[in-house]
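Structure record follows, encoded as C-alpha cells.
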Amino acid sequence: MGTNDILAKWLDNHQVIDKDEIVNHTNKTKMLQNKKEILDMKPEARLDLHGFHQDEAWERLSYFISDCMKRGIRKVIVVHGKGIHTTGTNPVLGDLVKKFIQTNKHCGMSGHPKTQAEGGSGATWIILK
C-alpha cells in the first residue's frame, strides 16, 4: 500500500474532508461551465473571405483578428466557403484559415458551425484569447 493510499484511508476513517480536492473540483466545474458558455455564444464579429486571393485573405484575416482583440471580442466567425466554385485549383481558403489559426497567438479553439444555416464546413468559428 502506497503513501497516498494510506493517507486516503486515514482521511476516510477520520471523516476528514480534503479541501484541496473540493477546490480542484470547483475550479474544474467553473472552467467547464465557462468553456460551454463560450462555445454556445453567438459570434460577435464576422469576416467573409469569398473572392479573395490567399495573400489578400491572410492580410484581411490578420487585421480582422487584431481589430477584434482590441475591441474585446471573444468569438468570431470566418466565412471561407467550401471551394465548390473554384475551377482549375483546389479550394485553398479553408486550409489558409486553418493554418492562420494554428500560427496566430490570439486564436484559441476553433471549429465549424453545427448547421448549414450558420455556415457549416464553409465557415470556421474562433475563440480569441
Side-chain angles (χ1 to χ4, degrees):
M1 193 180 273
T3 305
N4 288 340
D5 294 332
I6 294 170
L7 180 59
K9 188 171 184 170
W10 186 90
L11 291 171
D12 283 344
N13 286 340
H14 293 86
Q15 297 181 352
V16 176
I17 298 171
D18 186 351
K19 294 177 187 173
D20 290 336
E21 183 61 34
I22 292 171
V23 169
N24 288 339
H25 178 73
T26 302
N27 288 342
K28 285 179 187 177
T29 302
K30 285 180 184 177
M31 284 175 42
L32 289 173
Q33 287 172 340
N34 289 342
K35 182 178 176 181
K36 182 174 176 6
E37 286 174 15
I38 291 171
L39 290 175
D40 289 344
M41 76 187 291
K42 299 284 184 206
E44 301 167 279
R46 175 187 173 98
L47 174 66
D48 192 338
L49 296 175
H50 279 107
F52 290 104
H53 295 286
Q54 290 183 48
D55 293 344
E56 295 170 316
W58 188 277
E59 187 176 318
R60 290 198 180 240
L61 188 52
S62 181
Y63 177 79
F64 174 71
I65 296 298
S66 293
D67 184 55
C68 288
M69 289 298 299
K70 289 176 190 170
R71 294 171 39 207
I73 291 175
R74 300 281 320 268
K75 186 174 184 178
V76 300
I77 192 155
V78 178
V79 180
H80 45 75
K82 299 176 187 175
I84 59 175
H85 300 293
T86 304
T87 56
T89 61
N90 291 330
V92 293
L93 291 181
D95 289 340
L96 179 134
V97 170
K98 183 177 180 180
K99 184 176 180 180
F100 182 90
I101 293 168
Q102 292 170 345
T103 59
N104 187 284
K105 66 181 180 180
H106 299 298
C107 296
M109 288 177 27
S110 65
H112 298 291
K114 296 175 186 172
T115 67
Q116 290 299 333
E118 296 171 320
S121 62
T124 301
W125 54 261
I126 306 167
I127 303 296
L128 302 180
K129 52 183 179 175

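Summarising the geometry, atom OG1 belonging to T103 is positioned 3.5 Å from atom CH2 belonging to W58; distances are rounded to the nearest 0.5 Å. Taking CD1 of I101 as the reference point, atom CE of M109 lies at 11.5 Å (rounded to 0.5 Å).
Under a cut-off of 6.0 angstrom, the local environment of NE2 in H106 is crowded, with over 12 non-hydrogen atoms contributed by other residues, nucleotides or ligands.
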**Request:** Just do the side chain to side chain contact (heavy atoms under 4.5 Å, CB included) check on H112 and T124 with the steps written out, would you?
**Result:** CA-CA 5 Å; H112 298 291; T124 301; 3.5 Å; yes
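Judged as a side-chain contact (heavy atoms from CB on, under 4.5 Å), and not counting sequence neighbours, the contacts of P113 are I77, E118, A123, W125. Remark: S110 engages no residue in a side chain to side chain donor-acceptor pair (under 3.5 Å) (not counting sequence neighbours). Partners of H50 under the side chain to side chain donor-acceptor pair (under 3.5 Å) rule, at least two apart in sequence or in another chain, are D48. Residues forming a side chain to side chain donor-acceptor pair (under 3.5 Å) with D55 (at least two apart in sequence, or on another chain): none. For E44, the side-chain contact (heavy atoms from CB on, under 4.5 Å) test picks out M41, I73, R74, with sequence neighbours left out.
Between C107 and F100, the shortest heavy-atom distance links the atoms SG-CE2, 4.0 Å.
In the hydrophobic cluster analysis, where Ile, Leu, Val, Met, Phe, Trp and Tyr join through side-chain heavy atoms closer than 4.5 angstrom, V79 is grouped apart from L128.
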Tell me which donor-acceptor pairs under 3.5 Å the side chains of residues 60-72 have, and how far apart each pair is, sequence neighbours excluded?
| unit_1 | atom_1 | unit_2 | atom_2 | d |
| --- | --- | --- | --- | --- |
| S66 | OG | S62 | O | 3.1 |
| D67 | OD2 | R71 | NH1 | 3.1 |

